[in-house]
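We name chains A, B, ... by the order of the sequence lines, and we start the count at 1 in each one.
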Amino acid sequence: VSWLRSESPATAPPSRDPDGSDAELVAQARQGDPRAFALLYRRYLDRVYDYCRHRLPSREAAEDATQTIFLKALGAIRTCRDGDLFAGWLFAIARNVVNDAYRAGHVTNVDIDARPDLADPARSPEETAIRAEWTRQLGRLREDCLKASDRDLLDLRLQDLTDKEIAVALDRSHGAIRVAQHRMVKRLRDCLGLDREATHDTL
Amino acid sequence: MTPFRRPSRSDDHLSNYWNALVRNAPPEELARLARLVEPSDIAAIERARANHTRHHPDPVFARRLEQTLMDTAMSPTGDLAGTIPQPRVSPRSPNGPRDPGPISHRRAATPPSRPGWTLRPAFIIGLAILLVLASAASTWWASTLQDEPQPMMAPAAMQDPEDTAGAAQGYSDHPMVGTWESANGIPCWCISSFAADGLSMSIDPNPESSTSGISSQSVSFGIWQPTGDRTAESVVRFPADDGGYIERTITWEVSEDGNSVIGSGTQRRISPDGKFATMPGSPPIEMVRMTMPGQGPEATPEN
């Protein structure tokens, strides 16, 4: 699929990404260009999969959900009116697909201590063990300290979505997301034992 | 429920900092934004980001899914919009933001019409015309059948199964069962046979003389059924040379000793196109039971 690396149309405005911005690719995909959607797929596959993998208990469930998400996105791409917020639109689908998987009873709750595929061949065993422990700590923190709405917000933030994109994904206003994010960070800080004054002192 | 409040400056600063983080802003910009945020908040964000282990999809899965998407996108029926739940298009709740709920509960796009659905009126009209034509044909067919010859009596083997067994046994006890021959050659040297299963066969060596000049074959087949302890009725058909039939319906009465029978009846001609015409009645015929040689009356020697 070498054509996936082809240049953007000459008429497209210059953008930072050589393949084009999200808005440009969404506009092309809405006109039925499959190459544009393929580029969006490559751009967001890792993030969507990672989001599903952290919210679903198994690799198979995450792959099933990822496939469903992109097929749904492909079918509904014409309804994505604001290409600049494509990430939020895509993760709105992702969030609902994951919720539907739980609602349908196909999956059970994630066991944060029993993730089988944390190993990465590129890391040493020690580093893998350390990162696994960090992941478990974050998982416990996420489960013990945060409300469901906070977890939604944190998971999307950890997929590098901006506050505007999160607002689209959660179908909430931009201001509400900013407020909720601030509260979520404060809960996170309290659970981590990061005292405000102590942090000031260390910094 | 936590009341909504307008974002403060600190909310904005925190969001701006985190937005700069996710878009890989230059360090100097990050440093400038970080000065506006609580250091403990920055520490919490960095801890969460550092502890987040990224999972990567299996390359085989990624390639297969990409191929599936491209096949779907480029197939002639690749438009999945009709089956995909769409983002909610209804206005926001006047009571403030709320959880959008599962996407399957949102308003879905109207499925596209099936291609044949637009032909529904033509289909209904066509079906109505067919029903009218079928009704007319049925009426015509019923009126035609009234002019056609009635079917022959059903043989015992074709009657109701429950009656057939008893009828077959009753036929075997009926004195009509057997083979009969004309006793005196008047009106014909005929032979008739009546089987217990309702089959009847007759031979008329000179059918033309007995059918008012209409030529037919000498052998006939038909059916019979008892009408009393010693009476019966039979219907046989002689194939006519014109392709039709000569049908004889004869009522029989067996003598008390069971060795002779007298028959009289009617006959009609069935043309090749199915029409029938009444013919002069068959003269009474007297027949005797055919027996094995030496068991009955001897035939008169020719010499």
Margin query: Do A/His182 and B/His13 make a side-chain contact, defined as non-hydrogen atoms from C-beta onward lying under 4.5 Å apart?
Written below: no
Note to self: Testing the basics here: between A/Leu158 and B/His52, what is the closest heavy-atom pair and its distance to 0.1 Å?
What the structure shows: CD1-ND1, 3.7 Å
Notebook entry, point to check: Once you round to the nearest 0.5 Å, how far does CZ of A/Phe70 lie from OG1 of B/Thr72?
Noted result: 13.5 Å
Note to self: Ignoring hydrogens, what is the shortest heavy-atom contact between A/Leu192 and B/Ala44? Give both atom names and the distance.
What the structure shows: CD1-CA, 4.0 Å
Item checked: Approximate separation, where rounding is to 0.5 Å, of A/Asp50 CG and B/Thr53 OG1 -> 9.0 Å
Checklist line | Heavy-atom check, side chain of A/Lys186 versus side chain of B/Leu14, under 4.5 Å | finding: no
Margin query: Determine whether a donor-acceptor pair (N or O, by modelled atom type, separation under 3.5 Å) exists between the side chain of A/Tyr49 and the backbone of B/Ala62.
Written below: no
Next item on the list: Please tell me if the side chains of A/Leu45 and B/His56 come closer than 4.5 Å, counting only heavy atoms from C-beta onward.
Entry: no
Note to self: Under 4.5 Å from any heavy atom of chain B, what part of A/Glu165 do you find: side chain, backbone, both or neither?
What the structure shows: neither
Next item on the list: Given salt bridge (Lys or Arg N to Asp or Glu O under 4.0 Å), test B/Arg54 with A/Asp46 step by step and report yes or no.
Entry: CA-CA 9 Å; B/Arg54 284 210 173 270; A/Asp46 281 0; over 6 Å; no
Next item on the list: Identify the two heavy atoms, one from B/Ser15 and one from A/Arg157, that lie closest to each other, and give their separation to 0.1 Å.
Entry: O-NH2, 3.7 Å
Next item on the list: First locate atom OG1 of A/Thr162, then atom CZ of B/Arg23, and finally report the distance between them rounded to the nearest 0.5 Å.
Entry: 10.0 Å
Check: By a 4.5 Å heavy-atom criterion (distance strictly below it), what part of A/Tyr41 contacts chain B: side chain, backbone, both, or neither?
Finding: side chain
Next item on the list: Please indicate whether A/Tyr44 has more than 12 foreign heavy atoms, meaning atoms of other residues, nucleotides or ligands, lying under 6.0 Å from its OH.
Entry: yes
Notebook entry, point to check: So A/His54 and B/His55, would you call those rings parallel, tilted or perpendicular, with 30° and 60° as cut-offs?
Noted result: perpendicular
Item checked: Engaged part of B/Ile45 at the chain A interface, taking heavy atoms whose separation is under 4.5 Å -> side chain
Check: Where on A/Thr66 is there a heavy atom nearer than 4.5 Å to chain B: the side chain, the backbone, both, or neither?
Finding: both
Note to self: Return the CG to CG distance between A/Leu71 and B/Leu65, rounded to the nearest 0.5 Å.
What the structure shows: 6.5 Å
Check: If we only count heavy atoms from C-beta on, is the A/Glu63 to B/Pro57 side-chain gap below 4.5 Å?
Finding: no
Checklist line | Rounded distance [0.5 Å steps], CH2 in B/Trp18 versus CG in A/Leu161 | finding: 11.5 Å
Check: Quick one: do the A/Gln67 and B/Thr68 side chains pair a donor with an acceptor below 3.5 Å?
Finding: no
Check: So, are A/Arg189 and B/Asp41 salt-bridged, with charged N and O less than 4.0 Å apart?
Finding: yes
